[in-house]
Amino acid sequence: MCGGQAPERRSGLKHWQFKGLLKLRQAGPSYTASPSDLAEQLGLTRGALSARLAFLAAAGLVIRTRDTADQRRVHVTLTPAGHLAFEQHTGSEGAGEDALLAALSARERATLANLLRKVVHSLENQ
């Protein structure tokens with residue numbers, strides 16, 4: 001990337017870590033999901049997700065708790081440190097995008113965004 005380190009390096013998050021935090025953020029307030037739901041959303045096996053959650057938990061970004069009504073169920077919740085890491089990553093990503101697109105006018109940026117949207121839409125419908 002132009003102008004320095006990639007966003008993941010500046011924020012300290014790797015792409016897979018950011019994606020896990022993003023899925024919890026998308027769950028809305030309480031920012032909690034089951035491991036099964038997260039695995040499905042991320043396209044991972046439960047074993048692969050478990051390894052990733054262990055890393056995120058050790059870093060203090062998420063906590064895993066047992067359901068009080070059913071001890072077999074586990075909930076994964078974003079911690080305050082996880083929220084902060086997410087915000088720092090998205091902030092540094094935005095700065096990187098601004099630096100990358102600095103040569104484009106506002107109109108050119110809008111055109112690029114529309115074209116990229118069209119490409120993504122066509123890929124989603126294949």
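This is a predicted model, so every value here is computed, not measured.
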Smallest heavy-atom separation, P35 atom then L49 atom, equals O-CD2, 3.0 Å
Answer with yes or no whether the hydrophobic clustering places L42 together with Y31; edges join I, L, V, M, F, W, Y residues whose side-chain heavy atoms lie under 4.5 Å apart.
yes
Should Q88 and L84 count as side-chain neighbours, where that means a heavy-atom distance under 4.5 Å?
yes
Taking the side chain as every heavy atom from C-beta outward, state whether R64 and S50 have any atom pair closer than 4.5 Å.
yes
Looking at R46, I want to see if its CZ is surrounded by more than 12 non-hydrogen atoms of other residues, nucleotides or ligands under 6.0 Å.
no
Working to the nearest 0.5 angstrom, can you tell me the gap between L112 CG and R117 CZ?
10.0 Å
Does I63 share a hydrophobic cluster with V74, counting links as ILVMFWY side-chain heavy atoms below 4.5 Å and allowing steps through other members?
no
Quick one: CG on L13 to NE2 on H89, what's the gap to the nearest 0.5 Å?
6.0 Å
Between NZ on residue K19 and CH2 on residue W16, distance to nearest 0.5 Å:
11.5 Å
Which heavy atom of L21 sits nearest to which heavy atom of A85, and what is that distance?
CD1-CB, 4.3 Å
First locate atom CG of D67, then atom NE2 of H75, and finally report the distance between them rounded to the nearest 0.5 Å.
3.5 Å
When you look at T111 and N114, which way does the side-chain hydrogen bond (donor to acceptor under 3.5 Å, both in side chains) test go after all the steps?
CA-CA 5 Å; T111 299; N114 288 332; 5.7 Å; no
Would S34 and R73 count as having a side-chain donor-acceptor pair, cut-off 3.5 Å?
no
Rounded to the nearest 0.5 Å, the OG1 atom of T77 sits from the CG atom of L61 at a distance of 13.0 Å
Would you indicate whether the side-chain heavy atoms of L24 and L38 approach each other to under 4.5 Å?
yes
Under 6.0 Å from the CD atom of E40, do we count more than 12 heavy atoms belonging to anything else shown?
no
For residues K23 and Q41, report the shortest heavy-atom separation together with the two atoms involved.
CD-OE1, 3.3 Å
Quick check on the hydrophobic clustering: are V76 and F18 connected, directly or via other members, by side-chain heavy-atom contacts under 4.5 Å?
yes
Answer whether the closest heavy-atom distance between the side chains of L115 and V119 falls below 4.5 Å.
no
Of the non-hydrogen atoms in G60 and A81, which two are nearest, and what is the gap between them?
O-CB, 3.5 Å
Looking at E87 and R25, is any side-chain nitrogen of the basic one under 4.0 Å from a carboxylate oxygen of the acidic one?
yes
Can you measure from CZ (R52) to NZ (K14) and round to the nearest 0.5 angstrom?
11.0 Å
